[in-house]
Amino acid sequence: QLQLVESGGGLVQPGGSLRLSCAASGIALNKYAIGWLRQAPGKEREGVSYINHDGDLTNYADSVKGRFTISRDNAKNTVYLQMHNLAPEDTGVYYCAAGASYYGLRVGAVDAWGQGTLVTVSS
């Protein structure tokens with residue numbers, strides 16, 4: 001069965017950078033679109049970025065455009081979220097999610113979730 005394992009979260013100062021990874025097992029990741037979503041304390045989970053099965057289509061929330069980059073290495077069965085110029089409002093638990101359809105995933109059609117990784121941006 002498809003399983004996703006996230007890593008890379010941690011504590012970072014404002015203006016710093018982190019690279020999150022989402023590694024898949026059980027099935028080839030190139031069959032799936034992948035999204036990164038986050039949930040800040042007291043807020044609803046929101047979509048951050050999405051990438052289609054071969055990486056030629058991407059989407060970013062307005063709040064992260066120009067700062068975050070989603071990418072994938074299907075040979076390594078891994079999707080990444082490179083985050084630059086982090087701010088305290090970026091703090092939250094970040095999840096990766098897989099879906100059979102890029103557009104379906106963006107409206108909630110999820111086949112598998114990662115466990116989440118905590119990103120804390122603080123001085």
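When a residue number appears, it is its place in the shown sequence, counting from 1.
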Less than 3.5 Å apart, which donor and acceptor atoms pair up between the side chains of residues 51-58 and the rest of the protein, not counting sequence neighbours?
from: Asn52; atom 1: OD1; to: Gly55; atom 2: N; distance (Å): 2.9
from: Asn52; atom 1: OD1; to: Asp56; atom 2: N; distance (Å): 3.0
from: Asn52; atom 1: OD1; to: Leu57; atom 2: N; distance (Å): 3.1
from: Asn52; atom 1: ND2; to: Asp54; atom 2: OD1; distance (Å): 3.3
from: Asn52; atom 1: ND2; to: Asp56; atom 2: OD1; distance (Å): 2.5
from: Asp54; atom 1: OD1; to: Asp56; atom 2: N; distance (Å): 3.3

For the residue pair Tyr95 and Cys22, establish whether any side-chain heavy-atom pair is separated by less than 4.5 Å.
-> no
List, one per line, each side-chain donor-acceptor pair under 3.5 Å for residues 108-123, sequence neighbours excluded.
from: Asp111; atom 1: OD2; to: Ala100; atom 2: N; distance (Å): 3.0
from: Gln115; atom 1: OE1; to: Glu6; atom 2: N; distance (Å): 3.0
from: Gln115; atom 1: NE2; to: Glu6; atom 2: O; distance (Å): 2.8
from: Thr117; atom 1: OG1; to: Gly9; atom 2: N; distance (Å): 3.2

Pairwise distance OG(Ser49) to CG(Leu37) - rounded to 0.5 angstrom = 9.5 Å
Give the minimum heavy-atom separation between Leu29 and Ala24, together with the two atoms involved.
-> CD1-CB, 3.6 Å
Check whether any side-chain heavy atom of Tyr32 sits under 4.5 Å from a side-chain heavy atom of Ile27, and report yes or no.
-> yes
Kindly indicate whether the side chain of Glu46, heavy atoms from C-beta on, has any atom under 4.5 Å from the side chain of Arg38.
-> yes
Partners passing side-chain contact (heavy atoms from CB on, under 4.5 Å) against Ser7 (at least two apart in sequence or in another chain) | Ser21
Donor-acceptor pairs are to be reported for all side-chain atoms of residues 79-89 against protein atoms at under 3.5 Å, with residues two or more places apart or in another chain.
from: Gln82; atom 1: NE2; to: Leu18; atom 2: O; distance (Å): 3.4
from: His84; atom 1: ND1; to: Ser17; atom 2: OG; distance (Å): 2.7

Rounded to the nearest 0.5 angstrom, the OG1-CG distance for Thr78 and Leu20 is 12.5 Å
Could you tell me which residues satisfy side-chain contact (heavy atoms from CB on, under 4.5 Å) with Lys65, sequence neighbours excluded, listed by chain and number?
-> Tyr60, Asp62
Grab the two heavy atoms, one from Ser101 and one from Gly104, that are nearest each other, plus how far apart they are.
-> OG-N, 3.0 Å
Could you walk me through whether Val93 and Arg45 pass side-chain contact (heavy atoms from CB on, under 4.5 Å), step by step?
-> CA-CA 9 Å; Val93 178; Arg45 188 179 297 181; over 6 Å; no
Is there a donor-acceptor contact under 3.5 Å from the side chain of Asn30 to the main chain of Asn74?
-> no
Check the hydrophobic clustering (I, L, V, M, F, W, Y; side-chain heavy atoms under 4.5 Å; chains of links allowed) and say if Trp36 and Tyr103 are grouped together.
-> no
Pairwise side-chain contact, Ile34 with Arg72, heavy-atom cut-off 4.5 Å (strictly under) = yes
Regarding Tyr50 and Arg106, is there a side-chain donor-to-acceptor distance under 3.5 Å anywhere?
-> no
Qualifying salt bridge (charged side-chain N to carboxylate O under 4.0 Å, His left out) pairs with a residue from residues 15-30, counting only residues at least two apart or across chains = none
